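The structure appears below as structure tokens.
No experiment lies behind these values; they were computed from the predicted model shown.
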Amino acid sequence: MDQSSGSFPADDFPLSPGEAHRYQALGELALGAAMAEALARHNHHELAAVHNRAADAYRRLAEAETDHAAQAEYRRLEQWHRSCAVVEEQLATEADRRLPGPG
């Protein structure tokens with residue numbers, strides 16, 4: 001491969017128009033998949049943070065509540081958000097592993 005020109009070995013072999021179109025389509029799909037992966041990674045990190053903040057808010061509501069039924073419901077919602085945060089953190093970790101770089 002000629003590093004200075006930026007050409008690839010495949011550049012030395014002309015492609016038929018149909019093959020060129022397929023390679024272009026595959027390249028566009030690969031780029032789209034990479035962009036979707038990066039967006040999903042960002043979203044998993046954001047969703048984990050949002051669920052943690054919601055859980056903290058429900059904890060504070062439960063602590064301030066005097067009605068036992070409402071307090072129990074706030075605790076249930078806190079636990080649900082904490083569980084969601086764990087799942088999103090796991091998904092974010094997996095995305096970080098597959099797509100290294102700033103996250």
Side-chain angles (χ1 to χ4, degrees):
M1 182 164 108
D2 180 357
Q3 295 290 339
S4 63
S5 70
S7 67
F8 295 94
D11 293 341
D12 298 334
F13 304 100
L15 300 173
S16 70
E19 290 172 324
H21 179 70
R22 281 191 290 279
Y23 277 103
Q24 180 180 358
L26 287 173
E28 289 170 1
L29 285 171
L31 180 60
M35 290 173 62
E37 183 81 19
L39 182 59
R41 174 178 142 187
H42 173 76
N43 288 343
H44 289 308
H45 283 284
E46 289 296 314
L47 282 170
V50 166
H51 279 297
N52 279 319
R53 286 193 304 271
D56 291 344
Y58 279 116
R59 180 185 40 78
R60 288 190 300 274
L61 285 170
E63 290 169 353
E65 185 60 62
T66 57
D67 178 51
H68 292 292
Q71 191 178 52
E73 179 64 8
Y74 289 145
R75 293 286 184 197
R76 187 188 68 75
L77 289 167
E78 175 191 1
Q79 289 307 105
W80 183 81
H81 280 287
R82 296 240 185 260
S83 297
C84 290
V86 168
V87 170
E88 289 299 336
E89 287 164 358
Q90 290 170 343
L91 292 169
T93 299
E94 177 63 19
D96 288 343
R97 187 188 62 74
R98 286 192 320 263
L99 187 67

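Using cut-offs of 30° and 60° for the angle between ring planes, the H51 and H81 rings count as tilted.
Contact between A48 and A85 at its shortest, heavy atoms only, is O-CB, 3.8 Å. Summarising the geometry of A62 relative to Q71, their closest heavy-atom pair is O-NE2, 3.0 Å, with the distance given to 0.1 Å.
Between H45 and D96, the closest side-chain pair of non-hydrogen atoms falls below 4.5 Å. Contact check for R59 versus D56: side-chain heavy atoms found under the 4.5 Å cut-off.
The CZ atom of R41 lies 13.5 Å from the CG atom of L91; values are rounded to the nearest 0.5 Å. Put simply, OH on Y58 and CD on E73 are 8.0 Å apart, with the number rounded to the nearest 0.5 Å. Atom NE2 of residue H44 and atom CD of residue Q90 lie 11.5 Å apart, to the nearest 0.5 angstrom.
Side-chain atoms of E19 come within 3.5 Å of backbone N or O of S16 as a donor-acceptor pair.
Connection of L77 to L61 is established within a shared hydrophobic cluster, with ILVMFWY side chains joined at heavy-atom distances below 4.5 Å, either directly or through further cluster members.
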Walk me through whether R97 and E94 qualify under side chain to side chain contact (heavy atoms under 4.5 Å, CB included). CA-CA 5 Å; R97 187 188 62 74; E94 177 63 19; 2.5 Å; yes
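Ion pairing between R75 and E78 holds under the 4.0 Å rule for side-chain N and carboxylate O.
Donor-acceptor pairing under 3.5 Å is recorded for the side chains of N52 and E89.
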